[in-house]
Structures are given as C-alpha cells and as structure tokens.
Amino acid sequence: MPAVSKGDGMRGLAVFISDIRNCKSKEAEIKRINKELANIRSKFKGDKALDGYSKKKYVCKLLFIFLLGHDIDFGHMEAVNLLSSNKYTEKQIGYLFISVLVNSNSELIRLINNAIKNDLASRNPTFMCLALHCIANVGSREMGEAFAADIPRILVAGDSMDSVKQSAALCLLRLYKASPDLVPMGEWTARVVHLLNDQHMGVVTAAVSLITCLCKKNPDDFKTCISLAVSRLSRIVSSASTDLQDYTYYFVPAPWLSVKLLRLLQCYPPPEDAAVKGRLVECLETVLNKAQEPPKSKKVQHSNAKNAILFETISLIIHYDSEPNLLVRACNQLGQFLQHRETNLRYLALESMCTLASSEFSHEAVKTHIDTVINALKTERDVSVRQRAADLLYAMCDRSNAKQIVSEMLRYLETADYAIREEIVLKVAILAEKYAVDYSWYVDTILNLIRIAGDYVSEEVWYRVLQIVTNRDDVQGYAAKTVFEALQAPACHENMVKVGGYILGEFGNLIAGDPRSSPPVQFSLLHSKFHLCSVATRALLLSTYIKFINLFPETKATIQGVLRAGSQLRNADVELQQRAVEYLTLSSVASTDVLATVLEEMPPFPERESSILAKLKRKKGPGAGSALDDSRRDPSSNDINGGVEPTPSTVSTPSPSADLLGLRAAPPPAAPPATSGAGNLLVDVFSDGPAAQPSLGPTPEEAFLSELEPPAPESPMALLADPAPAADPGPDDIGPPIPEADELLNKFVCKNNGVLFENQLLQIGVKSEFRQNLGRMYLFYGNKTSVQFQNFSPTVVHPGDLQTHILPLAVQTKRVAAQVDGGAQVQQVLNIECLRDFLTPPLLSVRFRYGGAPQSLTLKLPVTINKFFQPTEMAAQDFFQRWKQLTGLPLPGGYQIWPPLTAALLPQLLGFGSALLDNVDPNPENFVGAGIIQTKALQVGCLLRLEPNAQAQMYRLTLRTSKEPVSRHLCELLAQQF
C-alpha cells in the first residue's frame with residue numbers, strides 16, 4: 001500500500017484502517033467493512049462526479065478490503081479512470097488496483113491497454129515505468145500480444161531514460177518467461193547485447209538477467225555477449241570499492257552484477273578467442289586471490305557478498321573444466337571452508353567439492369581433504385551437511401582409499417540419521433563392489449552392512465552379493481563360512497537369514513567337512529531362525545532345505561520330518577503349503593540322479609549393470625548421473641559385474657545436471673544354456689558350405705530371440721538407415737572415422753558395455769547383448785553442455801559391402817528426438833542380424849548443431865564378428881582331431897602372433913566369446929577354446945590355442961577356422977587385447 005502521510009489528504013483511509021485494526025471480533029470487522037462498501041458504492045453511483053483524490057481514496061479502501069480476503073465486485077471502472085490522471089499518486093493507485101484485481105479476461109482489458117499505450121508513448125519516464133510495471137505484474141498472454149513489439153523498441157531507444165531501460169528489460173524478461181514465442185528478438189538482438197556496455201550499472205544488471213534467459217534458447221544469436229560480459233566482469237573485479245560507490249555493497253563492488261555475469265558465462269563453453277579467454281582467466285584468478293585477503297569488514301553482509309562471487313566463480317571454473325591450475329586452486333579454497341564456523345559455507349563447500357571430485361584435474365586435490373570430510377561426517381550437527389559429506393566421500397573414492405572410506409561410512413551408519421541411512425547403504429554397497437580387489441573383503445563388507453542397518457538394506461543389495469558369490473568360485477567357500485558364523489549371533493536380521501539360506505543351500509558343502517559346521521549343524525542353525533521370519537523368507541528356507549537333501553543325504557530324514565509337519569502341510573499361506581508338499585514329494589519319489597539334476601547348483605548370473613547403482617540413480621534423481629559415474633577417473637577399475645567401463649581418454653566431465661551414460665534399464669540377457677552335443681555340432685560346421693540349422697529345442701534364448709524382431713532378410717538395404725533416407729547421410733556422405741576410432745573399437749572387442757566416445761560436448765554410451773546371430777544394442781547419447789543440440793541425427797551404415805549388395809549385417813534402427821536438451825540423454829535401440837561373416841564393422845555417423853554450428857563425427861560401431869560366438873564344449877580327443885584336420889587345408893587358418901606377455905589373458909579370453917576348455921591341452925599352462933560363429937548363411941567353427949612362455953615373456957596365439965580371412969581377423973582382434 002502507498003504510504004499515507006498527513007499532507008496526502010487521505011485521512012479517511014487512515015481512519016478506516018484504524019477502525020479495522022481496533023475491531024474486537026471477526027463479526028465486528030465484517031460489519032465495518034460492509035458499512036464502508038455500502039458507502040463507497042453509493043459514492044460511485046451518486047450523481048455528483050467524484051474528483052481524482054476521492055476516487056483514489058475509495059479505490060485504496062477497496063484494495064485494502066480485498067487484501068483482507070474479501071471479494072470486490074465493483075470499482076474497476078473507477079480504477080481504470082485513474083489511469084488517465086496526470087497526477088502520479090492517482091495513476092499509481094490505478095495501476096496497483098489493475099495489477100491486483102483485474103484478470104486477463106476482464107471486459108476492461110481493452111481500456112487498460114489503451115491507457116498503457118498512452119503512457120508508453122508519453123515519454124514521461126515516471127508514467128512509462130508505471131505502465132511497464134503493470135505489464136510485468138499482469139504478465140498475461142494478452143498483454144504480451146499487445147506490447148511485446150513495443151517494449152524492445154523502448155529498451156534500445158537512445159533517448160530512453162536509464163530507469164525506463166531497466167523496467168523495460170525486466171518487463172521483457174517477464175513476458176518471455178510467460179510466452180517465449182511472443183518476444184521477437186531477431187532485429188533487436190545485437191542492440192540488446194550492446195546494453196552490457198551501458199554506463200548505468202542498473203541497466204547492465206537488468207540486461208544481463210534478460211540475456212541469460214534468452215541465450216538458453218538461442219545461444220548462437222547471443223554469442224557475442226561473451227566478450228562483452230568478460231570485459232564488464234574484468235572492470236568490476238579489478239576496480240576498487242570506491243570506484244563504484246553507488247553499487248558497492250559492504251566494500252564489495254557490484255556483487256549482484258558480478259554473480260549474474262558469471263552465470264551468463266556458464267551458458268557457453270570456454271571462449272575461443274585467446275585474448276578473451278586470457279582476460280577471463282585473469283578475472284577468475286583475481287577473485288580467488290581476493291578470497292585469500294583479510295576481510296575489509298566484520299559485517300556478515302560483507303562476507304556473504306564476497307563468498308557469493310567466489311562460489312559462482314568456482315562454478316564457472318568447474319563448468320569449463322579446462323584449467324587444471326584454477327581447478328586445484330578452487331579445490332584448495334573450498335578446503336579452507338570445510339572447517340569454517342558458518343554452517344552454510346561448509347555445506348556449499350562440500351557440495352562444490354562433490355562436483356570437483358569428478359574432474360580428472362582436481363580429483364587428487366580433493367582426496368587430500370579426506371580426513372576433514374570424515375571428521376565432518378562424524379561431528380557435524382546439521383544432517384544436511386553430514387549428507388553432503390557422505391556424498392563427497394562417495395565421489396572421491398577410488399582404489400587407493402576405498403577401504404578407508406567404506407570403513408568410515410560403515411562406522412557412521414551405526415549412528416546415522418534415519419532419513420539418509422538407505423542412501424548410505426546403497427553407496428557403501430556400490431563402493432564395495434566397484435573397488436573390491438579382494439572378494440572376501442566385499443563379502444565381509446556387505447554382511448557387516450546387513451548387520452548394522454538390516455532394515456535399510458534393500459533387496460537389490462543382498463541380491464547383488466548373491467549374484468557375485470554365485471559367479472565367483474574363489475569366494476564361495478569363504479562366503480559360506482562367513483555367513484555361517486554371522487547366523488550364530490543371537491539377534492540376526494532377516495536379510496542375513498535370506499543371504500545365509502541361499503549361500504548355504506548352494507555352497508554349504510564347501511564347509512561341511514568341519515565338525516563345527518557339519519550338515520546337521522547347518523540345518524539346525526537355519527531352522528532355528530525359521531519361525532521368526534516372514535513368509536517370503538520361510539519360503540526361501542524351504543528351498544534351502546530341499547537343496548540340503550541333495551547336498552547332504554544324511555539330513556534327508558530330519559528335513560522330511562520338518563516338511564511333513566502339520567504346520568507346513570496345512571499352512572495357511574498357500575505358497576508355503578505348496579512348497580512343503582512339492583518338496584516332500586520330490587524328496588520321496590525322485591531318484592538320486594533325478595534329484596541331483598533338478599537341484600543342481602545355480603548357473604552363473606548374466607553380467608549386466610549393477611541394480612544397486614540403478615537404484616541409487618533413481619533415488620538421487622536425474623541430476624546425479626555424473627556424480628555416480630565417477631569411474632572415468634580410474635580407467636583400470638572394472639566393476640565386479642563387468643558392467644560399465646569408461647574409456648581412459650576422457651577429457652572433460654559432464655555437467656552436474658546431466659545423467660550421462662545412465663545405461664537405463666535394458667532387457668537383461670538370459671543365461672546361456674548348456675550346449676549338449678557341442679562336439680558333434682562342431683564337426684559339421686568346419687566347411688565352407690551352408691550348414692544345416694541345428695535343432696536347439698526350447699531354450700531360455702527363445703524369449704530373447706523372439707524379442708529382437710530381426711530385420712526382414714529380403715530387403716536388408718532398407719535397414720541400413722532410418723525410414724526417411726532422404727534426411728539421413730548415405731555412406732558416401734559421411735566423413736571418415738575419427739583417428740582414434742580403431743582404438744575405441746578395440747576396447748569393446750571383449751566387453752559389451754561402456755563409454756564409446758566422449759568429448760566436451762557429447763558422450764556416447766553402449767550397452768549390448770548378443771545371442772546366436774542376433775544382437776540388440778542400446779546407444780545412449782548424452783548432452784554434456786547446458787545448450788540444446790539441434791537437428792540431432794545418428795545414422796548407422798556399413799559402407800564396405802554396399803557395392804556388391806551382399807550385406808553381412810542387417811541393422812534396424814529406431815529414430816531419436818531431433819533435439820537433445822542440455823544435460824539430457826536420449827536412447828537409440830539397434831536390432832542387428834548377422835547374415836554372413838564380415839571383417840569391417842558398421843559406421844556410426846552422428847550429426848547435430850551446437851550453438852548454430854554444425855557438428856559431425858564418425859565412429860566404428862562396436863560390432864565385431866566375435867560378438868556372434870557361441871561357446872562350445874569339446875573333449876580333448878575331438879579338439880585335437882579337428883585341430884589336425886584344419887592344419888592340412890590349402891589356406892591354413894592358423895596365424896601366430898608373438899606380442900609381450902601380459903597378466904590379462906584369462907579375462908580377455910573369456911570376454912572374447914569362445915568357451916575355454918579345461919584338461920584338454922597336455923600343457924596345463926596353455927589355454928584352448930572352441931566356439932561357433934553364428935551367421936544366417938553359414939556357421940564357422942573356430943578353435944583357439946594360446947601358449948604362454950613366462951620365461952621369454954611371450955606367447956603364441958593360434959586360431960584355426962575353415963575360412964582364412966576369418967582366422968586372420970579373429971587373431972588380430974584378440975591379439976590387440978593383450
């Protein structure tokens with residue numbers, strides 16, 4: 001409300017407000033308001049015309065009554081009439097009433113617009129500002145349509161007053177946020193950008209806010225603002241507090257403008273002009289230097305303004321991620337704030353260091369503060385600060401400090417706030433899995449996690465430990481022993497019972513030789529927990545019991561007695577009753593051989609992305625992708641699950657808002673079935689002619705193969721591009737692959753998941769699975785910038801064989817969105833069918849526009865012939881019989897390569913696709929393998945023999961197939977992996 005002074009002549013308004021405040025009850029207030037409304041209505045309807053000041057007084061009363069929460073259904077026309085007054089106070093009250101009470105659908109909107117137009121054309125700066133304020137306050141589309149074309153003209157007019165320019169810029173910003181399509185900036189762009197050079201700091205501040213919003217949608221149109229923003233920022237940073245007295249806040253020159261300029265620069269990549277970049281770096285160094293100076297005032301306002309500029313400067317340094325010196329200095333400055341007495345500063349420092357930890361330049365510097373962060377996790381009173389400390393420990397973790405960090409987080413978990421316990425559990429589980437060198441340590445960590453915070457250990461966590469133990473023969477015995485000891489505790493969490501039931505049911509025989517953990521002891525220990533557990537856990541334990549009958553026949557009578565008990569056979573829960581009946585019948589009727597077949601050990605789980613990591617990403621939201629995918633700092637680190645492994649050539653890190661390489665949930669690959677009669681099948685496929693399709697019968701692969709929907713074989717040419725070939729580049733239009741394409745391809749020969757390519761703009765992730773001659777590949781395109789990609793078009797072609805029209809691969813692609821927002825990720829699905837053997841991979845061409853400039857790159861798609869391997873088991877006699885037969889072919893398929901010996905032989909051989917055969921080669925140090933390359937036209941059998949010579953630090957690699965080019969190509973692919 002406008003101030004009411006004694007000389008203002010609005011004594012009646014002051015008396016009315018006083019009466020309202022003196023009312024003793026709600027009824028008295030309503031009675032006084034109704035009396036006043038009746039009086040105002042009679043005045044407005046009276047024959048005597050009211051003068052301006054009376055209208056102003058009564059409109060003010062109506063406005064006050066409305067603000068008290070009462071409806072006002074008259075007086076609007078009188079308020080509109082006040083807009084035509086030449087007195088400022090009357091016009092001000094009219095605009096205030098219009099802004100608060102008139103909606104965009106009012107019949108008076110045309111009269112209001114005419115009054116606003118008159119004021120905008122009056123050239124009276126006071127009246128122009130009132131009109132602009134009204135437009136911004138109403139902010140409706142109708143207002144935008146009426147004045148969007150006039151406001152830019154007022155903004156850039158040479159004769160507009162500074163106050164009018166400020167109001168026009170902020171009004172235009174309001175209209176643009178409400179209706180972006182109504183603001184035509186094409187012809188005004190250059191002149192709006194030039195406002196950054198205006199002499200009036202208020203105009204510059206308003207213009208920066210407007211340009212920051214506009215450039216997010218049209219970055220290329222406002223790219224010239226970078227140099228002007230750097231120039232203005234340099235003048236502010238280098239100025240003394242006395243140079244900008246009107247805009248100095250507690251000895252800090254223009255803090256709000258400085259922060260806005262720094263945020264504007266974060267909308268663009270680092271400046272390309274060396275002079276501009278050098279000047280900007282000098283500004284950033286100056287800000288960091290000033291942060292080390294003693295404060296010029298002890299007032300909190302001084303430190304707040306100074307720190308606001310500092311943190312925004314650090315945000316810009318992190319955004320550029322191209323100046324190692326600045327990144328390290330920023331990290332050291334934040335490290336000083338970690339022990340600051342202000343809680344807010346400690347929180348902001350921890351939050352910023354989480355982002356710095358993901359940069360290859362500053363990660364080591366962040367790790368130096370690990371003791372301080374651990375202390376903050378233990379001693380901070382504010383739970384939000386402790387949560388940020390836990391986030392930072394997670395972000396700075398690598399192989400060198402994993403055990404320390406996991407130990408501290410486990411120790412903190414015992415006293416952690418309930419709100420963040422589940423998140424810490426997930427992080428501990430991920431770090432233990434990601435950096436586990438010793439699998440026994442991983443098992444100990446997860447079991448300790450269940451002991452400390454069992455209620456917060458989700459199914460994904462204990463599922464994951466079961467998968468890893470099942471897939472690792474070397475840890476199964478230790479896991480069985482450890483979980484047996486854990487179950488002996490008097491108070492045992494139900495999740496521990498679940499883990500113990502599964503592991504002992506599968507691997508209890510590994511510890512059965514010890515009298516302390518004999519089969520009867522194992523059964524008694526598990527059954528003592530049975531009645532304390534939920535229905536789901538009891539169902540699992542019943543399955544463990546029937547497994548015990550297979551593993552330990554001596555427990556059969558005892559377990560049958562438990563299953564035969566009335567509490568089981570007549571259980572109220574249908575699931576438990578059915579299991580008890582079926583298991584009892586199975587153990588009584590089935591022979592030993594049948595029982596062993598039905599209850600054989602679980603096969604290894606398929607390798608895929610950790611479900612724990614996926615859950616943490618969902619819990620943290622889409623903005624946590626880069627914080628979670630921190631493995632790019634340690635290229636040598638592989639997840640236990642063989643999942644995402646980034647390339648070591650990362651040159652920059654994604655923005656904190658990007659969810660890059662999320663590798664979102666894809667259909668999990670089915671476990672490969674055990675191939676019966678593989679040796680006989682291999683005998684038939686060592687020939688050049690088409691092989692008869694073997695009858696595999698119903699297998700778990702059928703679901704996968706039916707889901708793939710392979711491309712139609714009669715028209716493979718149409719499948720090399722998207723359905724609109726005119727819009728996509730053909731094989732002749734795309735450029736050559738980038739120089740490092742072969743190196744990037746080699747990283748995927750023995751793995752299916754990871755980062756295929758990454759630069760400052762784009763990250764391309766791959767997740768793929770193959771069965772027989774079919775494959776499915778998921779490509780994830782992540783925009784690492786804050787600027788939208790336009791005309792985004794990825795295309796797959798296979799140029800090597802297009803002239804012959806005999807395609808080795810049929811690739812069916814699905815289109816992706818043509819626009820990729822800043823920090824966003826899009827997914828493309830490729831269905832692949834191998835028609836015949838091939839030597840050259842398909843090409844992936846990615847084209848888009850970034851900031852108006854066209855961008856393109858061509859990569860080799862990670863589809864090599866070994867992806868279509870079907871592992872095959874062979875006896876020693878069959879293997880060497882085939883081996884000798886292939887030796888005498890006219891074009892022998894054996895090629896011998898002698899590179900230096902490395903320690904990565906076994907993992908690479910397993911990932912190559914062929915089955916490794918045990919007890920086949922007379923020399924136990926040698927590796928031998930067999931497999932079938934599945935294509936639609938024919939099947940190519942392959943035999944592999946690797947003979948290491950540890951003394952000479954060399955090895956001989958020999959591959960033999962019936963096709964000489966295939967042998968050479970496979971040998972070259974595998975040799976490059978060592």
When you compare the side chain of [Y] with that of [X], does any pair of heavy atoms fall below 4.5 Å?
{"X": "Leu262", "Y": "Ser315", "value": "no"}
{"X": "Arg329", "Y": "Leu288", "value": "yes"}
{"X": "Leu762", "Y": "Phe789", "value": "yes"}
{"X": "Leu392", "Y": "His369", "value": "no"}

Report yes or no: do [X] and [Y] form a side-chain donor-acceptor pair below 3.5 Å?
{"X": "Lys867", "Y": "Asn752", "value": "yes"}
{"X": "Gln790", "Y": "Gln788", "value": "yes"}
{"X": "Gln825", "Y": "Gln763", "value": "no"}

Next on the checklist: Once side-chain hydrogen bond (donor to acceptor under 3.5 Å, both in side chains) is applied, what residue pairs with a partner in residues 207-216 remain, sequence neighbours excluded?
Outcome noted: Ser209-Lys260

Return the set of residues passing side chain to side chain donor-acceptor pair (under 3.5 Å) with [X] (not counting sequence neighbours), or none when no residue passes.
{"X": "Asn866", "answer": "Thr864"}
{"X": "Glu323", "answer": "none"}
{"X": "Lys277", "answer": "none"}

Residues two or more places apart in sequence or in another chain: which of them pass salt bridge (charged side-chain N to carboxylate O under 4.0 Å, His left out) with [X]?
{"X": "Lys223", "answer": "Glu272"}
{"X": "Glu364", "answer": "Lys367"}
{"X": "Arg386", "answer": "Asp417"}
{"X": "Asp821", "answer": "none"}

Can you name the residues that form a side chain to side chain contact (heavy atoms under 4.5 Å, CB included) with [X], not counting sequence neighbours?
{"X": "Cys215", "answer": "Phe222, Leu264, Cys267, Tyr268"}
{"X": "Leu348", "answer": "Phe311, Glu351"}
{"X": "Thr224", "answer": "Val193"}
{"X": "Ala349", "answer": "Leu334, Phe337, Leu338"}

Next on the checklist: Between Lys434 (side chain only) and Ala402 (backbone N and O only), is there a donor and an acceptor less than 3.5 Å apart?
Outcome noted: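 No: the side chain of Lys434 does not pair with the backbone of Ala402.
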
Checklist entry - Are there more than 12 heavy atoms of other residues, nucleotides or ligands under 6.0 Å from atom NZ of Lys177? => result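 12 or below, so no.
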
